[in-house]
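Heads up: the structure comes next, in structure tokens.
Position 1 is the first residue of the sequence; numbering continues from there. Computation of the quantities below employed the complete heavy-atom set of this structure, encompassing side-chain atoms and omitting hydrogens, waters and symmetry-equivalent molecules.
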Amino acid sequence: MSSYTHRETFWAAGVDDGNAAAAAAGPATKQPAPFTPWGQYSSAGRQGKPKIKHSKQQQQRPVEYKTPKALLQQHCQKVNLQPPRFERITQPAGVDAAAAAAGAAAAAAAAGQRGQYRYKVILAPPAAPAGSKGGAGAAAGSSKRFSGVLTGPKTYQLFADEDGWASVQDAQNAAAARALFALHKQAAAAAASGKGSSSSSQLEQMQAVYQQLERQWAGLWDAWWGLEVSGGQGSGAGVEEVLAAEQEQQRDEFLRSLLVEQQQQQQQQQQGAQADASAALSRGQADAAFADDPNPATAAAAAAAADAESEAESDDAESAEGELVTHGEEAEEWLLAAGLDEEQAAAADKAAAAAAAEQQAAQQQQQQQRQQQRQQQAAAARRNEQLRRQLLDWRSSPEGAAMQAQRAKLPMAQLRGQISDALAGSDAVVISGETGSGKTTQVPQFLLEDAVLSGAGSSCSIIVTQPRRIAAISVADRVAVERGEAGGPGAPGSSVGYHVRLDAAMNNNTQLLFCTTGILLRRLASDPLLSGVSHVLVDEVHERSLQGDVLMALLQRIAAARNAAADAAGNTLGNRSSSSSSSSSSSSQGGGQVPQRLKVVLMSATLDANIYSAYYWGCPVLSCAGRTFPVSVRYLEDCYAETRYVLAPDARAAIRAGSAAAASAAAKRKASARGDAGRAALLNAGWGDEEALQTSALNPNYDPEVYAEYPANVRKNLARLNEDVLDLDFVEELISWADEQTPLPGAILVFLPGMGEISALMERLGSSSRYSRGRHWLLPLHSAISADQQRAAFKVPPAGTRKIVLATNIAETSVTLEDVVVVIDGGRHKERRFDAHKRMSLLVEDWVSKAAALQRRGRAGRVRAGSCFCCYTRQRFEHSMRQYAVPEVARVPLEELVLQIHLLGLGPAASFLRCLIQPPPAKAVEAALTALQEVGALAVLPASADSASAAAAAAAAANESPSELAMASYAGPAAAAARGWDDGDEESHRAAAAAAAAAGGVEVLTPLGRLLAVLPMEPRLGKLLVMGAALGCLAPALTIAAAFSHKSPFSAPLEKQDELERIRRAFAAPAAAPTAAAAGTPAASGVSAALQGMLGDAAVGGKPLPPAAVAAAGLAAEQQSDHLLLVAAFEMWRLTGAAAGERAAGAVARRHMLSQQALDAMLELRRQFASLLQEAHLLPQLTPQQQQQQQHGKPGSSSSKWSCWADDAGHPANRFAGKPEVVKAALVAALVPHVAVMVAAGAESRPGWLDGRGQTVFMHPSSVLHELTAGQLQQPHVVYQEKTKTTRVFLRELSVASPLALLLLGGSAFTVQHEAGTVLLDGWLQIRVPAATAVLIKRLRQALEQVLAATVAVSASGGSGRQQQQQGHGLLGRESMAVMGLVQQLLAAEVVEAGR
């Protein structure tokens, strides 16, 4: 309820007889006599003052009664207010008890029986038109001619006890009646104080409205009138005294306002001179811009605009000075008449001076903003002209003209105009361009060139996302060439750049940025509205990657918010240049920027366009044919017929009678034969003669009628083929046949499911004499091979040589081999899937989708007409294959995604994920939430908690959302409209969301969770970094996290895999006795005998390896840890490079089959991770020396690339980096509950293992623990990185875990079982330990938990490392150092005890 402080009398005449009766129902009121407000002259007037002109009395007409709603609508139109907006009141509003009691009787009599409907009405001044001078202030001023004080939205409603109506119309009319009453009362008060028109005319208007009200609503006015006059006391006594006092108060206020006005006019007089100087300065700057501008017409227009604005400011100042003279003469007379003493006059002068100073400061700020705005616009105009001239110069050059002609031949060039038209009328567009159409390289250039040629190039900023690093880099290189930027992406002056993980090439002039999807998502964490970005192009959306789906959902929200704000500011869709030019124009004198529209373009070669169009508000869909040559397609049955291949009965892909595959096939056939008695009888009777009985096929997918026209060998092959197994014998035969039938030049591309099939086929072909004569290149293409091997696949072989590339699905879209003329499609691929119920990853081989199959065959027609040989039947392609791939969000773990959702402030994870184009399974979301709770990254308030506090926490979390806050502040009410509800409903939606969250639990990121969310890695690896820093083994933790975030540094060709395994096991083998150092052989101690020999072979120039590198190589010796194996190999290489240089490090890497590229990537990742920890305040600020080490490779730096401050052995975070037991303890803390327990077995046999769910699991063959027997294993527990299922359920990347490490750092539930003498962790892991010792361990565990919590809490609060140390807590605090030292001593003692 709005409070009204004035109690002026409004009636100039009494009410009519009919209304008098109604007024009598309320408190008795005394009608006061008319009075003249101070500052308004009566008809007698003062001498020399103008008299009030009164209109002639009009002839009385019959009164036409109207509803309050209609009268309020007319009133809003008359005084230039926005149309009234009615909202229902769902909760009782606060009531003034005394006022409610005074008017209760009259309100009850007027309103009659109470009902359930209550409404309020909201009035607001008109919105300022875009670009209008004065902005909202000007709009408000237009309504001051009546309302006087209505400068913002205002709400009117009845008291709670007088409200409540039987219908919606009555409730809205009651609210309208209250608004009319209040508005006319305020207008009369303003008139009485001299701030408005004549008070008598206002009273006449009020009486006219009163007489038009229907009887029901006029009675309400009577009741309110009695309440106002009586001051809320229920009687009309003392009205004359009240009026006299109010007249005196109004007179004083009027005189003070004149004094303030006088002071302000004096200040404006001074500003007149300043305005003249500012105008001169603006003209001088415009002249300078004219002289420097390459386009004189543009500069002249800017100068003319500056002169016009300066003259307007000067005219305003002169007008204000003239007004000052008039009002100043009267002010002195009225000051004397007011009888103010000196103290009151001084106070008035002080208030006037303060108001004038404030006004002057505001005007100066506005002038500075206008001046800065003009400078920015002039600079933008010069930049726009420069870009336009550069583009035209390039096109007119011989190289540019040739490139233009080449680009014009691409099919996408025909859609250029349609793309511009679509984006001019919509905020998004879907482009389906087949392979070779040029969509990836051309569409971004079209958008940029259109903006440049239209004079808005400086404000055009385009981001293009690619699913893979190699694609982003290669496309950026190509676009830079097409734009004539010789320096390449990121070069000085180049407009093209790229940004991928561990590599970036861009500058301040970059306008076309190609990046991976993950890079753009990271940017959204700090720039939730993509400020300054005009277009975002998402390429290869058909792949439906996890990050791609999330990005599309976020872009939908961002575009809706930004574009709604742009619409509200007048930047409409119809303005073609608005998407790029609006960022350089101002919207008001406040210096704000007109919101820039964001355009979204989704592109792919094969996609279901309708899904994406519907997701983006029904946006247009454009299609473009490819430029590929014709490709002839032969399905499996055709290949069998042409090659005359015969499937051997004992082949791996053949179904044999009596086998499990045959039984499964028989079951399928019987199921399909139900309802056909004759067919079922034949099947049950036996197989019979194969030729006579067509139902004898073992293949359940074989239909003899379909293949009746094919030769007998084709029908026999298909009848016993196991289609779910790729027949490598046939693939080998097909390669040879295609090689013979296809003339050179031209490469053969073979799509295989995975690295295993690539290795097997490489071995088969390599052992054949046909491919060992030097006339063929056999090349693998897989993400796991080295970069050199990957680049070899793109090279063109010499004349007379055939290139045969064996690839996985990486060759479908991310890379293009230009010389391919034959494609052999195995039709299968391996993809990672997640079993949410078992919480286990599975590597599954399955059929590709139709979209993928079409992509593969399109690779054969890039240079000439090609051929595609499919290892699947036409029947399968047309009827069994999925149309599109299963989205990644539906088949992978979601822990990282859930962290990012909370980091971006997008609300509860499940709620946001339901907004994706295809939401993930609910089980997968639940599994991710559970996993994050186990890590300690997420806390969920239970439903049993206080619902009010839970709802408050949910609302607080929503209000602190950086993304939502940014969008709301940017778009305001327009964004609310884009969300689908208005401002009035938004609070109820938020309250409903908070209540729902309270009912099911409120998700809140813990301090550890916020820390993990900013680390670009799997949450358990992030926790490893935190625990490594806390336990004093940061450097090894960085190495492990870098290896698993990128890939293992161990890499070898397929033919040397056995040798690679021997090298890996040599690092982990028990240390041998040190041997005498021969020439060129290091005196190695702590390493195995096999590794000693390898270290000797790696010596360069007869010099032994540095002792530090040799010592590091022994870090994993006899530690039974795959994780420490990576640390040992990396540190050996790094310390060799630091001491002996690049050449020695390269020799070590080659000898131990380490990928140089992977090692370099790990080196850079470690540096980035350490910086992130420091930026998160988990580690102390860098010293000057450490900052110098951070700047490795820069001129003048004393360090090299091998040095990093996080490797400093003297750093407190590395005090136990050389202690393997501490590193393994950090692994336990990070990986729990990924724990497996040994099953009892003989000492000489390999043991079995059970995980926490009681499931039987196996160690992966790649682990160094795989071959160990039960007697050789040091501990009965292991922690593992990942659990996957192929032929069995395997544990990957293992390390043994000591009981003490599990007791101190493992699990969340610690139960001491005194009688049994054991401790139970998490309800399933039982460890034998005496009860007294268990109690002591429990206390130490509690102290350790407190220290770790304090460390993370200090990090979350932003305290620096130095402050932590000084305050005695945190990572470097005295308590932390003492507790961690005690933990290390206990772990070391355990190792000694185990050795005995």
Keeping to residues at least two apart or across chains, list the salt bridge (charged side-chain N to carboxylate O under 4.0 Å, His left out) pairs with something in residues 701-714. none

Can you tell me how far apart CG (Asp1160) and OG (Ser1155) are? Round to the nearest 0.5 Å. 8.5 Å

Looking at Pro649 and Ala654, what are the two nearest heavy atoms and their distance? O-CB, 3.6 Å

Would the distance check show the side chain of Lys803 and the main-chain N or O of Ala793 forming a donor-acceptor pair, the cut-off being under 3.5 Å? yes

If you measure only the distance, is there a donor-acceptor pair under 3.5 Å linking the side chains of Gln445 and Glu482? yes

Given side chains that start at C-beta, do those of Leu721 and Tyr702 come closer than 4.5 Å, heavy atoms only? no

Less than 4.0 angstrom from a charged side-chain N to a carboxylate O is my criterion; do Arg857 and Asp825 meet it? no

Would you find more than 12 non-hydrogen atoms of other residues, nucleotides or ligands less than 6.0 Å from Gln741 atom CD? yes

Donor-acceptor pair, Ser1263 side chain versus His1260 backbone, under 3.5 Å? no

Presence of salt bridge, Arg652 and Asp727, under 4.0 angstrom: no

Under the salt bridge (charged side-chain N to carboxylate O under 4.0 Å, His left out) rule, what pairs show up with a residue in residues 879-889, not counting sequence neighbours? Asp846-Arg882

For Asn722, is there any backbone N or O sitting under 3.5 Å from a side-chain donor or acceptor partner on Asn699? no

Distance, nearest 0.5 Å, that separates CG of Leu546 from OG1 of Thr517: 10.5 Å

In Å and rounded to the nearest 0.5 Å, what is the CG to CG distance from Leu817 to Leu781? 6.5 Å

Salt bridge flag under 4.0 Å for residues Lys1056 and Glu1059: no

Is any side-chain heavy atom of Trp777 less than 4.5 Å from a side-chain heavy atom of Ile804? no

Do Arg1292 and Thr1284 come close enough that some side-chain heavy atom pair is under 4.5 Å? yes

I want to check something: taking the side chain as every heavy atom from C-beta on, are Val848 and Arg856 in contact at a cut-off of under 4.5 Å? yes

Side chain to side chain, Val601 and Val538, heavy atoms closer than 4.5 Å: no

Please say whether the positively charged group of Arg544, taken as NZ for Lys or CZ for Arg, lies over the ring of Tyr884, i.e. under 6.0 angstrom from the six-membered ring centre and within 45 degrees of the axis. no

Taking only residues two or more places apart in sequence or in another chain, which ones pass salt bridge (charged side-chain N to carboxylate O under 4.0 Å, His left out) with Lys850? none

Would you please classify the geometry between the Phe877 ring and the Tyr872 ring as parallel, tilted or perpendicular, with 30° and 60° separating the classes? parallel

From Thr643 atom OG1 to Arg634 atom CZ, the distance as rounded to the nearest 0.5 Å: 11.0 Å

Search all heavy atoms of Arg802 against all heavy atoms of Gly746 and return the closest pair with its distance. NH1-O, 2.8 Å

Does Thr801 reach the main-chain N or O of Pro797 with its side chain, forming a donor-acceptor pair under 3.5 Å? no

Any donor-acceptor pair under 3.5 Å linking the side chain of Gln1057 with the backbone of Ala1052? yes

Under a 4.0 Å N-O cut-off, is there an ion pair linking Arg469 with Asp503? no

By side-chain hydrogen bond (donor to acceptor under 3.5 Å, both in side chains), which residues pair with Tyr771, not counting sequence neighbours? Ser736

Side-chain contact test, heavy atoms from C-beta onward, threshold under 4.5 Å: evaluate it for Leu916 versus Val889 and give yes or no. yes

Rounded to the nearest 0.5 Å, what's the gap from CD1 on Ile810 to NE2 on His782? Could you check? 8.0 Å

Give the intermediate values and the outcome of side chain to side chain contact (heavy atoms under 4.5 Å, CB included) for residues Phe751 and Val823. CA-CA 8 Å; Phe751 285 99; Val823 168; 3.8 Å; yes

Tell me if a side-chain donor or acceptor on Arg644 pairs with a main-chain N or O of Asn713 at a distance below 3.5 Å. no

Are any non-hydrogen side-chain atoms of Val633 and Asp638 less than 4.5 angstrom apart? no

Could you walk me through whether Val464 and Val475 pass side chain to side chain contact (heavy atoms under 4.5 Å, CB included), step by step? CA-CA 10 Å; Val464 185; Val475 173; over 6 Å; no

Ring center gap for Tyr710 and Tyr640 short of 6.0 angstrom: no

CA sep, side-chain torsions, deciding dist, call: Leu765, Glu732, side chain to side chain contact (heavy atoms under 4.5 Å, CB included): CA-CA 7 Å; Leu765 297 177; Glu732 182 182 0; 3.8 Å; yes

What closest approach, in Å, do Gly518 and Gln547 show between heavy atoms, and which atom pair accounts for it? N-OE1, 3.3 Å

Ring pair (Phe, Tyr, Trp, His ring centres under 6.0 Å) against Trp737, all qualifying residues, sequence neighbours excluded: Phe869

Compare all side-chain heavy atoms of Val821 with those of Thr742 and state whether any distance is below 4.5 angstrom. yes

Let's go through Ile431 and Met412 carefully: what are the C-alpha distance in whole Å and the side-chain angles of both, what is the deciding distance for side chain to side chain contact (heavy atoms under 4.5 Å, CB included) to 0.1 Å, and is it a yes or a no? CA-CA 10 Å; Ile431 300 177; Met412 192 56 63; 4.0 Å; yes

I need the minimum non-hydrogen distance between Ser437 and Ala625, along with the two atoms involved. CB-O, 3.5 Å

May I ask you to check if Arg874 and Tyr635 form a cation-pi contact, with NZ or CZ under 6.0 angstrom from the six-membered ring centre and within 45° of the axis? no

Listed partners of Glu845 passing salt bridge (charged side-chain N to carboxylate O under 4.0 Å, His left out), at least two apart: Arg828

